[in-house]
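Notes for the one structure printed next.
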Amino acid sequence: MEWVYTDEVKDHFINPRNVFLDEEKFVYNASGKSGNIKCGDEMAFYLFVDDSTKVIKDCRWKTYGCASAIASTSVLSEKIKGMTIYDAYKITPKEIVDTLKGLPAHKIHCSVLGDDALRVAIDDYCSKNGINIKTQKK
Ligand code: FES
C-alpha cells in the first residue's frame, strides 16, 4: 500500500512546530478549545497577542488529534505568527491543506480542528478586550 501523506504532512507530523509543553512557561493572553464531532479529538490553542497592534506575537497548541490534525495545526501555528488577529481569523482550512500539498480526502475534517480552536482563542481575546471581530475590516 502506498504512503498517502505528502512530505509536508510527514515533516510537520514528525517535527511539529509550536507545541504547548506543560513544563514550558509560555505566557498567553487568549486561549480556545475545540472538538471534532466526527472522531472525538480535541485541540487547545494559546495566543500571545500584542495589545497595541493586535499582532499575534507567539502561539502554542496541543491536541489529542491524529497525524493530519497535528500537521495542519503545526502549519497554522507558523502562518499566524506576525499576523493580526483579524487576518488570522480569515485563514481557511483549504489554505492549510494547500500548504501541506493535500491531505487524504477522509482526513480533510482533521484540518478544521486547529482552525476552529484558533477562532475560539481569537474570540476569547476579543471578548476580553471589547472587540467585535465580525465588524472589523482590518
Ligand atoms: Fe480526529 Fe483526525 S481523526 S482529528
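Order of appearance sets the numbers: ligands from 1, and atoms from 1 within every ligand. Reckoned from all heavy atoms, side chains included, excluding hydrogens, waters and symmetry mates. Numbering starts at 1 and runs along the sequence shown.
Residues in residues 61-76 take part in these salt bridge (Lys or Arg N to Asp or Glu O under 4.0 Å) pairs, two or more places apart or across chains: D22-K62. Pairs passing the salt bridge (Lys or Arg N to Asp or Glu O under 4.0 Å) check and including a residue from residues 35-47, sequence neighbours excluded, do not occur.
Within the protein, the N, O or S atoms sitting under 2.8 Å from atom 2 (Fe) of ligand 1 are C66 SG, C110 SG.
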- Task: Begin from the C-alpha positions of K101 and D7 and carry the test side-chain contact (heavy atoms from CB on, under 4.5 Å) through to its verdict.
- Result: CA-CA 8 Å; K101 301 216 169 82; D7 288 343; over 6 Å; no
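Between D11 and R17 there is a salt bridge, since at least one side-chain N of the basic residue sits less than 4.0 Å from a carboxylate O of the acidic one.
In this structure, I70 and P16 approach most closely via the heavy-atom pair CG2-CB, 3.9 Å.
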Side-chain donor-acceptor distances from residues 113-122 under 3.5 Å, at least two apart:
from, atom 1, to, atom 2, distance (Å)
D115, OD1, R119, NH2, 3.1
D115, OD2, R119, NE, 3.2
D115, OD2, R119, NH2, 3.0
R119, NH1, Y89, O, 2.2
R119, NH2, I91, O, 2.6

